[in-house]
Amino acid sequence: MMATQDVIARSATTTERPSIREIGEVAKLIDTSKCIGCKACQVACSEWNDLRDEVGTSAGTYDNPIDLTAQSWTVMKFAEYENPGSGNLEWLIRKDGCMHCADPGCLKACPSPGAIVKYANGIVDFNQDHCIGCGYCITGCPFDIPRISEKDKKAYKCTLCSDRVSVGLEPACVKTCPTGAIVFGSKADMKEHAAGRIADLKERGFDQAGLYDPDGVGGTHVMYVLHHADQPSLYSALPDEPTISPLVSLWKGVTKPLALLGMGAAVLAGFFHYTRVGPVRVEEEQENAELSEPVVHQVDPSVHVVDPKEPRP
Amino acid sequence: MTNHWSDIQNADLVLIMGGNAAEAHPCGFKWVTEAKARNKARLVVVDPRFTRSASVADLYAPIRTGTDIAFLGGLINYLLENDKIQHEYVVNYTDVAFIVKEGFGFEDGLFNGYDADKRSYPDKTAWGYELDEDGFARVDKSLSHPRCVYNLLKQHYSRYTPEVVSNICGTPQDRMLQVWEAIAETSAPGKAMTVMYALGWTQHSTGSQMIRTGAMVQLLLGNIGMPGGGMNALRGHSNIQGLTDLGLLSNLLPGYLTLPLEAEQDYAAYIAKRTAKPLRPGQLSYWQHYEKFHVSLMKAWYGKNATAENNWGYDWLPKLDIPGYDVLKVFDMMYQGQVNGYFCQGFNPIASFPNKAKVSAALAKLKYLVIMDPLATETSEFWRNAGEYNDVDTAAIQTTVFRLPTSCFAEENGSLVNSGRWLQWHWKAAEPPGQAQTDVVIMGGLFHRLRELYRKEGGAYAEPLLNIDWAYRQPEEPTAEEIAQEYNGKALGDVFDLQSGAQLAKAGEQLSGFGLLRADGSTSCGCWIFSGSWTQAGNQMARRDNADPYGMGQTLGWAWSWPANRRILYNRASADPAGNPWNPEKKRLVWWDGGKWGGTDVPDFKVDSPPADGMNPFIMNPEGVARLFAIDKMNEGPFPEHYEPFETPIGRNPMHPDNPQAISNPAARVFKNDMELFGTAKEFPYAATTYRLTEHFHFWTKHCRLNAITQPEQFVEIGEVLANELGIKAGERVKVSSNRGYIKAVAVVTKRIKPLTVDGQTVHHIGIPLHWGFAGVARNGYLTNTLTPFVGDANTQTPEFKSFLVNVEKA
């Protein structure tokens with residue numbers, strides 16, 4: 001964890017942020033053109049963070065686990081693409097995980113004070129001790145990243161190894177990556193490194209090679225080098241133009257300040273009640289979603305009950 | 001590897017063929033990305049499947065499994081036809097000018113001297129050079145002699161036209177020519193291509209010849225001995241290079257010395273046959289020193305008991321009555337009921353060996369089976385009924401199984417030899433769990449008990465055991481350090497320079513290298529190529545200085561590389577005949593400085609031999625040059641020829657459609673009961689190939705939760721076109737059968753496997769990863785080797801895991 005002086009944004013909080021420290025922004029750069037999909041990053045992530053997911057099943061793809069879960073904070077996504085221009089087959093492999101947005105939708109959506117924070121270096125972190133398991137961070141995230149644990153009903157995602165970074169180490173996935181496809185440093189340095197990689201890719205025939213650092217979320221602290229920066233969605237549905245859901249803006253712009261005002265001296269139980277009922281109403285307007293807890297669970301693949309010992313149907 | 005991992009960064013072009021480095025060697029693969037970054041190197045991948053390596057390649061070409069000789073033979077023809085060879089290199093450093101004996105011939109798919117009943121070439125005398133009166137090989141530097149290697153080579157491969165090759169391999173011609181053109185560019189002096197291959201070449205009935213064809217291409221391009229060049233075998237296990245170096249094959253002794261055959265009862269004749277005299281004037285022919293290595297080995301094993309009088313214990317060495325007791329042979333013997341007991345050390349044969357049913361039946365005929373392994377392997381539980389995955393009648397199996405848990409590499413000190421021949425020392429990181437013991441303790445304990453029994457009770461010919469020298473500080477547990485020092489060798493008496501008489505080592509000292517080994521019993525050395533790894537200066541394998549003063553990535557202070565800390569073999573060939581690097585800017589390795597050879601690597605050469613003396617770079621060969629013509633060294637002939645896999649999807653060899661003897665490798669050994677189990681394309685229409693995945697290591701890591709999470713369940717890969725034809729969707733279960741059994745697995749339906757047009761037919765590939773079984777924490781699965789055929793390469797007997805036939809249906 002970083003020091004509290006480094007927190008520059010905090011969910012459901014209106015107090016002035018600390019600002020006396022000058023801290024540079026960091027970034028992790030994932031070069032899809034150097035990635036061989038070996039999943040060493042997945043394993044390193046699980047090891048460093050002491051996570052052990054279930055032994056799942058094969059869904060007929062190389063993706064395993066098939067999606068992010070509360071215990072798998074990064075997974076490799078494999079997409080087969082027949083390039084109509086070159087006629088070549090391409091196997092586009094992307095490491096999925098939190099993008100650490102400069103303008104984090106999860107933080108905006110979160111109703112629990114301090115459950116989601118943004119540090120001055122750009123890392124967006126979840127504090128599970130403040131998490132109430134409402135799942136709004138999932139709604140707020142344009143990349144569909146946070147997952148709620150079946151075990152403790154709290155939200156989890158990649159921390160960009162904020163514990164390692166705070167003591168001058170690179171994230172575990174970066175440390176382990178055998179091909180140097182994942183690199184870490186200041187955001188400025190990473191952009192410069194990316195520029196070199198993009199020039200190399202263009203020289204190798206990928207005219208549309210470029211950097212993925214989308215404006216819609218204010219830029220990200222996890223960036224991709226893509227061979228086809230003009231078509232991010234080729235990479236297992238990486239959003240072409242990610243933005244924060246209008247629902248979150250609504251919640252943030254109107255409902256949340258009211259909620260916070262109303263909170264005042266409210267007891268914790270009251271707060272719980274409010275946050276659970278309030279925003280669900282917002283969703284209700286849209287798609288008549290269920291009112292009770294399963295709303296959260298349905299968007300969360302991690303809560304699908306998987307028993308590896310169970311024989312397959 | 002002739003070169004080594006970090007040298008790949010010097011390549012201008014990387015060819016991955018017969019391997020999938022990104023998948024199976026992800027850490028080493030980083031050097032490919034370095035080559036791309038440093039030299040703008042292009043990566044070319046040729047493989048039946050579009051692999052993880054292909055996913056980061058600049059150019060990919062599909063190929064039918066088992067047809068690499070045709071592809072590379074076509075490339076040889078292309079290089080010769082288009083004059084894309086490194087002329088000065090080829091003429092000076094290879095055998096192109098050598099004149100082959102009259103009588104050598106090749107007709108309708110067979111070389112001269114074939115005996116169909118024996119399935120071999122018993123008489124290879126014509127496969128050699130014409131010699132002059134002095135015993136030297138005749139050469140014609142003008143290359144005009146019709147029987148010089150150059151003309152024979154040209155003639156042999158002229159048949160491999162692009163049309164013919166494309167028809168065999170299924171590689172579209174335009175794509176094939178693109179690959180050939182890219183490769184041909186590296187014929188420019190000073191440009192280098194590296195070839196990275198692995199089990200995708202070795203595991204064929206023609207595997208050795210596939211590798212040879214690759215090496216011939218590299219010779220024609222002048223890429224052997226070059227930084228960023230070479231023939232680079234990516235070894236399949238972390239210390240498998242060490243296994244071969246130490247001679248753990250039934251016909252070898254440590255350091256690639258060879259066991260005598262039964263007919264070789266005479267010591268002097270045994271030595272004379274292996275002491276190769278130079279075949280050209282002025283050549284080094286380093287195997288001239290064979291006896292020094294051999295005697296030093298016998299002194300290491302037998303100490304004072306090995307004397308000049310008893311021919312250094314020659315009679316105690318086993319004499320082979322057949323070419324070798326390779327594992328295929330041993331398991332066939334076991335299957336025939338000729339083996340009582342078996343020690344299985346770090347080996348899981350029921351999973352790792354072809355035709356599981358045969359291996360399982362063979363194990364059931366044993367009286368006892370001893371397993372030494374850190375894991376509870378399938379072999380140790382071959383008797384256990386694991387439902388559909390191992391449906392055996394336990395009560396009918398009477399084999400007694402002893403399971404002795406051993407430590408793993410991280411739980412002991414020692415060295416590992418990597419693919420690049422580096423001996424790297426490692427230190428114990430943890431105590432072994434439970435009752436696990438090191439393999440040394442177990443083997444040492446067994447030795448002492450056996451020796452005691454022989455001492456007490458006597459027995460047939462106990463001398464080889466009773467005479468062993470066992471001078472370890474704790475006889476029950478020799479340390480890794482003691483054994484490593486023994487491999488390096490020490491002076492038993494004072495050692496003097498043979499010319500000047502100067503003292504080189506005092507009695508008792510560790511030797512500085514194999515140059516000090518003597519045939520008079522004054523030195524001992526457990527493995528001559530490792531001599532220099534633990535000298536008087538200490539453990540050279542433990543060095544960790546990665547200084548790279550020339551920026552050539554040779555890091556001579558990091559660990560220790562055999563032989564003599566040379567990082568690139570044949571590196572004299574990186575310089576022109578006058579002794580100057582072909583590429584002085586980017587590829588300088590060793591050069592002649594006017595008085596001696598030196599440079600960024602340790603010269604693999606006689607350091608004081610001036611270029612004018614004409615000594616050639618291939619110092620282990622009596623002719624001093626590299627062989628495009630393999631003389632009598634290969635069992636199926638001096639030039640590689642395309643033969644079909646034993647289970648061929650097209651049923652004939654398009655090169656020799658009318659000769660049934662030349663469909664598949666005519667010199668491969670096939671046991672009768674296995675011949676009957678080969679399937680045909682009529683019943684099993686699809687070409688299958690087996691392989692590993694990045695997420696797992698062999699059958700080990702399915703015992704590890706994190707690996708099991710990343711690939712939890714057995715699957716097979718089926719191309720989209722075939723899957724559509726068969727109505728199979730991704731995620732559905734399929735049954736894959738060969739003539740030896742079946743497995744069931746999840747279908748991965750992919751665009752990465754495309755149908756190929758071969759010999760007028762459509763050939764589909766089925767990809768079958770091998771990692772699952774009925775022990776471990778991953779989901780249980782079938783042993784993939786239920787499917788594979790029990791036949792090996794004609795030279796190495798490595799099983800043909802990469803090419804066989806299957807049928808696929810919905811499960």
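Quick note on labels: first sequence line is chain A, next is B, and so on, each numbered from 1.
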Query raised in the report: Do the numbers put A:Lys157 on top of the ring of A:Phe126, so that NZ or CZ is under 6.0 Å from the six-membered ring centre and no more than 45° off the axis?
Result: yes

Requested in this report: Flag the one option from A:Leu89, A:Leu92, A:Thr179 with the top tally of heavy-atom pairs under 4.5 Å to chain B.
Outcome: A:Leu89

Query raised in the report: Hey, does the Lys NZ or Arg CZ of B:Arg779 hover above the aromatic six-ring of B:Trp772, less than 6.0 Å from the centre and inside 45° of the axis?
Result: no

Query raised in the report: At a heavy-atom separation under 4.5 Å, does A:Tyr62 approach chain B through its side chain, its backbone, both, or neither?
Result: both

Query raised in the report: Are A:Asp163 and A:Trp48 linked by a side-chain donor-acceptor pair shorter than 3.5 Å?
Result: yes

Query raised in the report: Quick check, are the ring centers of A:Phe206 and A:His228 under 6.0 angstrom apart?
Result: yes

Query raised in the report: A:Asn88 versus chain B, heavy atoms under 4.5 Å apart: side chain, backbone, both or neither?
Result: side chain

Requested in this report: Can you sort out the partners of A:Ser72 under side-chain hydrogen bond (donor to acceptor under 3.5 Å, both in side chains), two or more places apart, ordered by chain and number?
Outcome: A:Asp53

Could you list the donor-acceptor pairs under 3.5 angstrom formed between side-chain atoms of residues 170-177 of chain A and any protein atom two or more places apart in sequence or on another chain?
residue, atom, partner, partner atom, Å
A:Glu170, OE1, A:Arg164, NH2, 3.4

**Report entry** Heavy-atom proximity to chain B below 4.5 Å, by part of A:Ile93
**Finding:** side chain

Report summary line: Pair count under 4.5 Å, heavy atoms only, with chain B: among A:Gly180, A:Gly37, A:Cys35, highest is A:Gly37

Query raised in the report: Less than 6.0 Å separating the ring centroids of B:Trp5 and B:His25?
Result: yes

Query - Test: B:Arg49 cationic atom under 6.0 Å from B:Tyr691 six-membered ring centre, within 45° of axis - result: yes

Query - Toward chain A, the part of B:Lys36 with a non-hydrogen atom under 4.5 Å - result: both

Report summary line: Residues at least two apart in sequence or cross-chain that pass ring pair (Phe, Tyr, Trp, His ring centres under 6.0 Å) with B:His698, listed by chain then number, are B:His237

Report task. Considering only heavy atoms and a distance below 4.5 Å, find which of A:Lys39, A:Glu90, A:Glu47, A:Glu82 pairs most often with chain B. Result -> A:Lys39

Requested in this report: Spell out the residues in residues 184-199 of chain A that have some non-hydrogen atom less than 4.5 Å away from a non-hydrogen atom of chain B, in order of number; otherwise answer 'none'.
Outcome: none

**Report entry** B:Ile718 versus chain A, the contacting section by heavy-atom distance below 4.5 Å
**Finding:** neither

